[in-house]
Amino acid sequence: VEGNRNFANKVWNIGRFVIGAIDKLEQKPEHSALWTLADSWIWARMIETVNTVNKLFENYQFGEGGRQIYEFFWNDFADWYLEASKGQLAEGGERAYYTTYTLARVLDVMLRLLHPFTPYVTEALWGYLKQACVAANLQLEEPKTWEDALIIAKWPEGFPTEGWEDQIIKDFSIIQTLTTMVRNYRAENKINPGQSLIATIVSSESFGLLESQKAMLSALAGLDFAQLEILRQKPDKLAAQSPLVSNEIEVYVRGGSKAEEGPDLEKLQKELAEIESQIKRLTGLLSGPFGQKAPESVVAAEREKLENYQKSAEKIRQTLA
């Protein structure tokens, strides 16, 4: 009960944030949309969630369908896209307009999905969203006709995929992983959340992606944008520092009480043990009934997690060696 009360509060606060952005909209943009990685990612994840939930409902797996909606709202929309959208909204102009459009469109779709589970809070919030969009003349679809109430509004029956979604989700997951690594480092070293850290990121495979997303990565991870280095190969000056490792990407962070020390072998061994436990868990999950009965997209996501854990474990083993 307490957990779902907190979730209802989260949904309501998301609605307040989105409606606040709509209320600040100015005139319509003159140019066609240029979507950011974050915009494309949340749209791709929304499509994936809607399609997965519909398949689960067809098989009467209502509990799992509700969990998928919950995870999307709490993690993807609230924890990641809203944080990324703040910088985009601050840019103003057309960037802010299309960011607001994305926020409103995703919220509209997800309130429709969530309505059977939490009818009262979603009905009220959807009504406020409708009022704000009509007042700002924000068209979420062409043409968009708002129903009288959410309870009789059209159900999102599914979205066609266009082929670009998987790569966008994969690219953004790299940003998420790096951000989480830096946040964990900050927490472990008791570094003030407001203190910007200096970082060097080394990656040959993801160099182009990371270079293009420096601003968003800096904002999400709390890095000093002016001093953030993204390199293809590790220079000699970093040899004595302990890296944060994910797949083929290494992050060297400077700042905090332990930043200048050498490799923390005990910490790396603990991290390796945790990753190996995840590998064991996912291996068992995928080889059991879940791997045979769960929707293909859900199984594929878990399989990709397993592969990423295996790559990270190998990288840490190399560092320890």
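- Across Val53, Leu56, Asn51, a single residue satisfies side chain to side chain contact (heavy atoms under 4.5 Å, CB included) together with Pro295, and that is Leu56.
- Separating the CG atom in Leu114 from the CD atom in Glu123 is a distance of 12.0 Å, to the nearest 0.5 Å.
- Between Lys154 and Glu147, the shortest heavy-atom contact is N-OE2, 3.1 Å.
- Between Tyr98 and His31 there is no side-chain heavy-atom pair separated by less than 4.5 Å.
- Distance alone, capped at 3.5 Å, is enough to place a donor-acceptor pair between the Arg186 side chain and the Gln195 backbone.
- Here Cys133 contributes atom SG and Trp126 contributes atom CH2; the two are 10.0 Å apart, rounded to the nearest 0.5 Å.
- Ring geometry for Phe57 versus Trp155: interplanar angle under 30°, hence parallel rather than tilted (30 to 60°).
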*Just do the side chain to side chain contact (heavy atoms under 4.5 Å, CB included) check on Leu103 and Ile14 with the steps written out, would you?*
CA-CA 9 Å; Leu103 287 165; Ile14 290 173; over 6 Å; no
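- Phe225 and Ile174 fall into different hydrophobic clusters, defined by Ile, Leu, Val, Met, Phe, Trp and Tyr side-chain heavy atoms under 4.5 Å apart, directly or through other members.
- In this structure, Phe290 and Glu302 have side chains that are in contact, with non-hydrogen atoms separated by less than 4.5 Å.
- Neither side chain, Trp80 nor Asn75, offers a donor N or O lying under 3.5 Å from an acceptor on the other.
- In terms of heavy-atom proximity, Leu220 sits nearest to Ala84 at CD2-N, 4.0 Å.
- Both Trp164 and Ile42 sit in one connected hydrophobic cluster of ILVMFWY residues. Membership requires side-chain heavy atoms under 4.5 Å apart, directly or through other members.
- Between Lys170 and Asp166 there is no salt bridge, since none of the side-chain N atoms of the basic residue sits less than 4.0 Å from a carboxylate O of the acidic one.
- Counted by atom type alone, Glu314 and Gln310 present zero donor-acceptor pairs between their side chains at under 3.5 Å.
- Between Glu229 atom CD and Glu211 atom CD the span is 10.5 Å, to the nearest 0.5 Å.
- Atom-to-atom distance recorded for Arg112:CZ and Ile151:CD1 is 13.5 Å, nearest 0.5 angstrom.
- With a 4.5 Å cut-off on side-chain heavy atoms, Lys280 and Glu276 do not count as touching.
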_Show, in sequence, the C-alpha distance, side-chain angles and deciding distance for Leu107 and Leu111, and conclude whether the side chain to side chain contact (heavy atoms under 4.5 Å, CB included) test is met._
CA-CA 6 Å; Leu107 180 60; Leu111 288 176; 3.9 Å; yes
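- The environment of CZ in Arg16 is sparse: at most 12 heavy-atom neighbours from other residues, nucleotides or ligands sit within 6.0 Å.
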_side chain to side chain contact (heavy atoms under 4.5 Å, CB included) for Tyr185 and Val251? Distances and angles first, verdict last._
CA-CA 11 Å; Tyr185 170 89; Val251 183; over 6 Å; no
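- If you check the side chains of Asp171 and Gln167, you find a donor sitting under 3.5 Å from an acceptor.
- The shortest side-chain heavy-atom distance between Leu244 and Asn184 does not fall under the 4.5 Å cut-off.
- The aromatic rings of Tyr70 and Trp74 sit parallel, their planes meeting at an angle under 30°, below the 60° perpendicular limit.
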*asked:* Using the rule given for side chain to side chain contact (heavy atoms under 4.5 Å, CB included), can you reason through Phe17 versus Lys86, listing the C-alpha separation, both sets of side-chain angles and the distance that settles it, and then say yes or no?
replied: CA-CA 10 Å; Phe17 177 85; Lys86 291 175 183 177; 4.0 Å; yes
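- Trp43 and Phe159 have perpendicular rings, their planes meeting at more than 60° on a 0 to 90° scale where under 30° would count as parallel.
- Side-chain contact between Ile198 and Leu223 is absent, with no heavy atoms from C-beta onward closer than 4.5 Å.
- Residues Val109 and Pro156 share a closest heavy-atom pair of O-CG, 3.8 Å.
- To the nearest 0.5 angstrom, Tyr309 atom OH is 9.5 Å from Glu274 atom CD.
- Nearest heavy-atom pair across Thr36 and Arg95 is CG2-NH1, 3.4 Å.
- The backbone N or O of His115 sits nowhere less than 3.5 Å from a side-chain atom of Thr118 that would complete a donor-acceptor pair.
- When all heavy atoms of Lys214 and Leu228 are compared, the closest pair comes out as NZ-O, 3.3 Å.
- Under the 4.5 Å side-chain criterion, counting only non-hydrogen atoms from C-beta, Phe72 is in contact with Met110.
- The pair Glu64-Arg67 meets the salt-bridge criterion, since a charged nitrogen lies less than 4.0 angstrom from a carboxylate oxygen.
- Results of the side chain to side chain contact (heavy atoms under 4.5 Å, CB included) test with Tyr101 over Leu140, Val106, Asp39 single out Leu140 as the only residue that passes.
- Between Ala136 and Ile22, the shortest heavy-atom distance links the atoms CB-CG2, 3.8 Å.
- Between Asn137 and Lys28 the shortest side-chain heavy-atom distance falls below 4.5 Å.
- Clustering ILVMFWY residues whenever any of their side-chain heavy atoms sit less than 4.5 angstrom apart, transitively, puts Val50 in the very cluster that holds Tyr60.
- Between Trp41 and Tyr81, the ring center distance fails the sub-6.0 Å criterion.
- For the pair Asp108/Trp146, a side-chain contact is recorded, criterion being any heavy-atom separation below 4.5 Å from C-beta on.
- A salt bridge between Arg45 and Glu48 is present, with a side-chain N of the basic residue lying under 4.0 Å from a carboxylate O of the acidic one.
- Taking CD1 from Ile249 and OG from Ser312, the interatomic distance works out to 9.5 Å, rounded to the nearest 0.5 Å.
- Linking Ile, Leu, Val, Met, Phe, Trp and Tyr whenever their side-chain heavy atoms come within less than 4.5 Å puts Phe73 and Phe62 in one cluster.
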